[in-house]
Amino acid sequence: MARQHDEGFRVFVVARWPSLVTTAYLVTGDTGIAEDCVQEALTRVHRHWRRLRLDGDPEAYARRAVVNAALSWRRRRRVIEVPLAAAGEPRARPEPEQTLDAQLIAALRLLPPRMRAAVVLRYVEDRSEAETAELLSCSTGNVKSTAHRGLARLRRNLESASSAATMQHAGRKSR
Amino acid sequence: MTENQVQELDAGVAERLRQLARTEADRTSPWPGLDIAVRRSRRRRRLAQGAAALACAGAMALTLPQLIPGPDVLAPAAPRDAGPPPLAPGEIPGSRDGGTLGVTFGDVKMVVQFDVIVIAQEPMPTGGGECVVFDHPAVIPVQEGQRVPSLAGFAADGCRGGIVGQPLVGAADALQPFADQPVGVDVGPCSLLGSEQVTTSGGLTATRSSFDCAGGVLQQWVIDSQLVWTLDGDERIVGLVETATASNPD
């Protein structure tokens with residue numbers, strides 16, 4: 001029985017892992033942390049697997065747990081963030097394509113966590129307002145306003161990142 | 001900018017983010033990290049269940065004697081239901097089937113559940129005294145509700161507690177009644193005196209740990225997977241003297 005239970009859970013994990021990590025990555029902006037969040041969430045799913053499999057929705061539960069873990073990770077991380085001075089040497093200059101991706105992720109990460117989660121769930125993952133509200137445990141009205149403000153802010157972030165890159169590019173050309 | 005533009009993320013940006021996240025997700029794998037996390041969670045849950053069972057058992061042990069009529073009202077118990085006779089200090093009880101043993105060390109209540117109680121054939125030496133704890137794989141030492149992985153941790157923090165064999169899973173089994181012979185002993189905070197290899201009078205090699213506790217000196221012998229606890233010179237501990245083969249952890 002326990003083996004069956006574990007087998008069912010393994011099948012579920014294999015099927016849902018990529019999608020859950022994708023969500024966690026977009027909310028946290030870091031692959032390692034995304035993995036940790038999904039792992040934490042799936043451990044919770046495993047704990048309630050029997051009940052969830054019989055009369056629940058394991059995927060919805062798992063996704064909500066992932067979003068919660070990603071948001072609470074942000075809260076925890078703030079305390080242990082390494083000062084900039086302690087950070088290592090900057091990496092080699094990325095390729096232009098990578099720069100664009102990095103800009104996108106950086107612009108997303110500049111949003112406050114809940115706002116970022118609302119933008120990701122609503123606009124990147126194309127979820128309905130009701131679905132997003134359920135995942136974030138808030139009202140649809142709250143989702144509407146948070147996502148709306150988040151989207152406007154994301155645009156501003158992208159615009160300023162893009163103009164900074166253009167100025168840098170022009171500066172390098174003039175040297 | 002139109003209202004529609006404000007309400008939607010540019011399709012190119014959204015797609016690019018999705019693609020980027022998918023690429024990152026493809027680089028990850030649930031195994032073996034998830035297996036490890038699930039095992040860890042399971043172990044914690046068992047510990048929590050053990051603690052809950054303990055609390056229930058403790059409450060039962062406190063309330064049952066008040067609810068059950070005294071021996072003058074009850075018919076004499078069948079011989080097999082009778083608890084083992086009181087032991088003289090240093091005496092080792094006879095072998096018996098598995099069961100649980102409830103103890104309280106300091107502010108920690110514990111249950112030790114055994115598959116089989118096996119008694120050493122030779123009397124154990126009882127000089128010294130100790131609160132024992134050690135890092136036998138089948139036994140999880142507990143300190144104030146926390147799992148302490150090694151003897152070193154106990155020694156550093158000062159031992160307040162004791163030992164849990166296999167944590168109880170679910171309610172105590174009627175065939176392994178917790179209340180059969182519950183023994184509570186408060187030995188208070190303890191500190192490790194030492195741990196050493198000794199040979200018993202029967203020629204068995206044992207690890208003996210000694211702890212100096214507020215309530216006395218407690219000592220433990222670990223002989224293979226068998227455990228013996230004694231608190232020297234204190235009759236309260238007599239019921240605690242047990243030798244056990246702990247069940248194997250999963």
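What you see is a predicted model, and the numbers here were worked out from it, not measured in a lab. So you know, we letter chains A, B, ... as the sequences are listed, proteins then strands, and number each from 1.
Nearest heavy atom pair, residue A:P18 against residue B:A25, reads O-CB, 3.6 Å.
Take B:E24 and apply the salt bridge (charged side-chain N to carboxylate O under 4.0 Å, His left out) test, not counting sequence neighbours, and it matches B:R27. A:R156 is linked by a side-chain contact (heavy atoms from CB on, under 4.5 Å) to A:A152, A:R153, counting only residues two or more places apart in sequence or in another chain.
When each of B:T23, B:L20, B:D26 is scored by its heavy-atom pairs under 4.5 Å with chain A, the top score falls to B:L20. The candidate from A:R44, A:K144, A:E35 with the greatest count of non-hydrogen atom pairs under 4.5 Å with chain B is A:E35.
With B:T28 as the partner, the side chain to side chain contact (heavy atoms under 4.5 Å, CB included) test is satisfied by one option alone out of A:V38, A:V21, A:T22: A:V21. With B:L17 as the fixed residue, the side chain to side chain contact (heavy atoms under 4.5 Å, CB included) test singles out one of A:I105, A:V119, A:V120, A:D101: A:I105.
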Does the pair B:S29 and A:W17 meet the rule for a side chain to side chain donor-acceptor pair (under 3.5 Å), with working shown? CA-CA 8 Å; B:S29 163; A:W17 175 268; 5.9 Å; no
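Note that CZ of A:R155 and CG of B:L9 are 7.0 Å apart. Values are rounded to the nearest 0.5 Å.
The number of heavy-atom neighbours closer than 6.0 Å to CD of A:E134, taken from other residues, nucleotides and ligands shown, is 12 or below.
Using a 4.5 Å cut-off between heavy atoms, A:L20 makes no contact with chain B at all.
Under the 3.5 Å distance criterion, the side-chain polar atoms of B:R18 are matched with a main-chain donor or acceptor of A:V124.
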